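Structure first, commentary second.
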Amino acid sequence: MKKIKLIFLILFMCVAMVGCSKEKEVNQIDLGQLSDELLTKEEFEDKLNQIDDSMVKKLYNIDDYVEARVYIGSGATAEELALFEFRNEKDAKEGLELVLVRIANQKDDFSSYLPQEVSKLDHAMVKQWGKYVFVCVSNHNFSEEIILQYLQKE
Amino acid sequence: MQQRVRRYRKKKKAGRVLFGFVLVGGLLAGMIHNTFQSTNAFTDEEEEIENKDKTEDIVEIGYDYKNPVPLSICVDEGYFDDAVFIGDSRTEGMILYTGLSNAIAYTNKGLTVESVFTKPVINLGGEKLSVMDSLRKTDFKKVYIMLGINETGWPYNEIFIEKYGEIIDEIKAINPEAVIYVQEILPVTNSLSQSHSYVKNEKINEFNALIREMAAEKQIYYIDVKNAVVDEFGNLPEEAAIDGIHLQKTYCEKWLDYLKTHVVSEGQEDE
């Protein structure tokens, strides 16, 4: 009886572990494709343009990412879209901290310049999915939904 | 025998005379040659000095600070390796959109000729400093400034230009060798100029006239950069900015291209 209990316990633990890891696991994401989807489906007032890697590093103070797609507005708004892929979850977590610093700095800058933009920053979508970090600053912010739909498709 | 001795003496005498002639001739030739040589050297030196004077004259009268920097050869982006850009959100956008990451950008949204000295907006080694304090801790050889759009609501133009002048004086004090370019304020779109309560192209033109005068007075370089982006009426084209002020990427590229083709030459810099 004890042996059966032990076998069940081991099986349960295995299932639980697999379940946990699946929850955190995110398939490889094509950042180009996802950013196109976000730029098309999300509602931006400004025209966002992609910036060079050299500027991404300066803007976010992040330099150990694998890939980044960052699109910024003209300065007329605080709108921004940024998708980062890191080597692993740990790096992504550190990246997330720096992203939050960037958002806080933007709030500081816009509060005295264009205060109406601060609410966009307050409600910005800033999420980490496994080794990925996504940022979207916009008015309506459907981005999380769009990303989830994209992940389900993949 | 006596005849032979006489002939020998005559020959010897002729030989001595000939040797004497050759010697004197040689000496004379040498002297003449030396004289010519030294005369030539003198002429070259004189020419060099004269040419140098002429060059200095050209440089001296060649750059008229009252006029904008003329069209020059197109420099590559390496020219901005030792440059600092000081400006507001428009300059910030230009640097970001053109990817000019080799230049130092001391920019901030809403930056004014006053807050350059007072507002701690530049993150330098984890410390937030004002633009001017940051500049004091920076190695640079060129400075590009565009400020003024955020000051268009100021009632007194004199205060604006006085503060702007203080910036120039301070930069000169920090680095007397620095090449300082002031860029005229880019206009806004006609629709914004008509509808905004204080951001008006007329006011921008007034400021630009004052900046140009100041540049002449302080002997720094004025760049009439609005030529890079304006329409036939001198306004920013409507498609250039969604809010009438902040430039879209293509217009930021035109702006940078203009800067690349309006630089002062080494000779002018040395002056």
Side-chain angles (χ1 to χ4, degrees), chain A residues 35 39 42-63 65 68-82 94 97-121 135 137-139, chain B residues 77 80-81 85 87-112 115 118-126 128 146 149-150 153 186 188-189 192 196 199 229 236 239-253 255-256:
Chain A
S35 55
L39 287 168
E42 180 60 75
E43 286 179 16
F44 293 106
E45 290 169 40
D46 208 342
K47 190 184 171 196
L48 304 194
N49 282 288
Q50 191 174 1
I51 57 167
D52 288 354
D53 260 341
S54 58
M55 296 316 308
V56 172
K57 286 168 188 171
K58 281 197 164 187
L59 210 59
Y60 279 87
N61 204 19
I62 300 175
D63 52 14
Y65 57 78
R69 300 258 170 170
V70 177
Y71 303 80
I72 59 158
S74 59
T77 68
E79 292 177 348
E80 197 162 307
L81 176 68
E94 285 170 15
E97 295 300 316
L98 293 169
V99 163
L100 290 170
V101 171
R102 156 86 180 150
I103 298 292
N105 287 340
Q106 284 283 84
K107 273 188 209 174
D108 271 358
D109 288 350
F110 274 100
S111 60
S112 55
Y113 183 58
L114 291 170
Q116 68 272 26
E117 290 298 307
V118 176
S119 70
K120 288 182 187 171
L121 291 155
V135 184
V137 183
S138 67
N139 223 355
Chain B
E77 289 185 2
F80 304 103
D81 282 349
F85 281 78
D88 48 43
S89 53
R90 291 168 128 190
T91 304
E92 192 173 277
M94 189 272 279
I95 299 279
L96 282 171
Y97 274 162
T98 58
L100 198 64
S101 55
N102 55 324
I104 295 168
Y106 288 155
T107 58
N108 184 249
K109 292 168 188 72
L111 194 72
T112 64
S115 63
T118 56
K119 207 174 168 190
V121 289
I122 307 298
N123 195 336
L124 215 65
K128 284 228 168 181
M146 186 190 284
I149 192 86
N150 295 308
L186 297 176
V188 295
T189 58
L192 185 99
H196 201 280
V199 182
V229 295
L236 193 65
E239 79 275 6
I242 63 151
D243 62 348
I245 298 174
H246 297 90
L247 273 66
Q248 288 295 320
K249 189 177 181 176
T250 48
Y251 281 83
C252 287
E253 286 164 351
W255 174 0
L256 180 60

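On a predicted model such as this, the values are computed, not experimentally measured, just so you know. First the proteins, then the strands, lettered A, B, ... as listed; each starts at 1.
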message = Which atoms of A:Lys47 are under 4.5 Å from chain B, going by heavy atoms: the side chain, the backbone, both sets, or neither?
response =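 Contact with chain B: backbone and side chain both.
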inquiry  = Does any backbone or side-chain atom of A:Asn105 lie under 4.5 Å from a heavy atom of chain B? Answer side chain, backbone, both or neither.
reply    = side chain
query = What is the distance from atom CD1 of B:Ile104 to atom CD1 of B:Ile95, rounded to the nearest 0.5 Å?
reply =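 The CD1 atom of B:Ile104 sits 10.5 Å away from the CD1 atom of B:Ile95.
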message = Taking salt bridge (Lys or Arg N to Asp or Glu O under 4.0 Å) as the definition, give me every residue that meets it alongside A:Lys120, ordered by chain and number, with sequence neighbours left out.
response = A:Glu45, A:Glu79, A:Glu117
note = Answer key: most heavy-atom pairs under 4.5 Å with chain B among A:Lys58, A:Gln50, A:Lys57 is A:Lys58
request  = Among A:Ile72, A:Asp108, A:Thr77, A:Asp52, single out the residue with the greatest number of heavy-atom pairs under 4.5 Å to chain B.
outcome  = A:Ile72
request  = Please state whether the rings of B:His246 and A:Tyr113 are parallel, tilted or perpendicular, taking 30° and 60° as the class boundaries.
outcome  =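 Ring orientation of B:His246 relative to A:Tyr113: perpendicular.
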message = Please find the pair of heavy atoms, one from B:Leu256 and one from B:Glu77, that lie closest to each other, and give the distance.
response =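 Result for this residue pair: CD2-OE2, 4.0 Å.
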inquiry  = Are A:Asp46 and A:Leu48 packed together at the side-chain level, in the sense that at least one heavy-atom pair is separated by less than 4.5 angstrom?
reply    =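 Side chain of A:Asp46 against side chain of A:Leu48, heavy atoms only: contact under 4.5 Å found.
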ask   = Given a strict heavy-atom distance threshold of 4.5 Å, which part of B:Asn123 is in contact with chain A: side chain, backbone, both, or neither?
value =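 When you check distances to chain A, no heavy atom of B:Asn123 falls under 4.5 Å.
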task = Side chain from CB out, backbone as N, CA, C, O: work out which of these in B:Leu247 comes under 4.5 Å of a heavy atom of chain A, or both, or neither.
result =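 Contact with chain A involves the backbone of B:Leu247 alone.
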